[in-house]
Amino acid sequence: TLLLQRAYFVGLTEYYSQSLCLLGRKLGIGQLSATAGCATEIQVTRKDHGNQAGSTELSNEVLARVRAITQVDQYAYGLGLERLVAEAELAGTSLWR
């Protein structure tokens, strides 16, 4: 929690282009301002490098174990998303395109 509070910037990969726009605004970089069209101008591609993770089926038991081990990660992600949304609001923009 302290790290997320003290960090200069928090960005999330699910909102990569929006994160770059907010960072650009924070740094005062003109091309990456947090305007409405900024995130749509940044071209982002997604590659899974052939891992086929989307087609992997996990049992309820395995999913429960994964959730148990990743509770801290889920908590940190929630805090990061909260901060990113708050900074987007302060910048007068939205993460949602």
Next on the checklist: Show the nearest heavy-atom pair for residues Ser19 and Gly11, with the distance to one decimal.
Outcome noted: OG-CA, 3.4 Å
Checklist entry - So, for Leu81 and Leu12, which heavy atoms are closest and what is the spacing to 0.1 Å? => result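 Here Leu81 and Leu12 meet closest at CA-CD1, 3.5 Å.
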Checklist entry - Between the main-chain N or O of Tyr16 and the side-chain N or O of Thr13, is there a donor-acceptor pair closer than 3.5 Å? => result no
Next on the checklist: Test of understanding: clusters of I, L, V, M, F, W, Y form through side-chain heavy atoms closer than 4.5 Å, transitively. Do Leu27 and Leu84 belong to the same one?
Outcome noted: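 Linked, Leu27 and Leu84 end up in one cluster.
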Next on the checklist: Can you tell me how far apart CG (Leu63) and CD (Glu57) are? Round to the nearest 0.5 Å.
Outcome noted: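 So the CG of Leu63 and the CD of Glu57 are separated by 10.5 Å.
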Item to check | Non-hydrogen side-chain atoms of Phe9 and Leu22 separated by less than 4.5 Å | outcome: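 SC-SC contact between Phe9 and Leu22 confirmed.
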Item to check | Test item: Arg83 and Gln5 side chains (from C-beta on) under 4.5 Å apart, heavy atoms | outcome: no
Next on the checklist: Within the supplied structure, the quantity of interest is the number of heavy atoms (other residues, nucleotides, ligands) at a distance under 6.0 Å from Tyr77 OH; does it exceed 12?
Outcome noted: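 Count over threshold, so yes.
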Next on the checklist: Tell me whether the count of non-hydrogen atoms from other residues, nucleotides or ligands lying under 6.0 Å of CG in Asn60 goes above 12.
Outcome noted: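 Count not over threshold, so no.
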Next on the checklist: Would Lys26 and Tyr8 count as a cation-pi pair here, with the cationic atom under 6.0 angstrom from the ring centre and within 45° of the axis?
Outcome noted: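 So Lys26 does make the cation-pi contact.
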Checklist outcome for this item: side-chain contact (heavy atoms from CB on, under 4.5 Å) test vs Val85 passes for just one of Glu87, Glu89, Glu82, namely Glu89
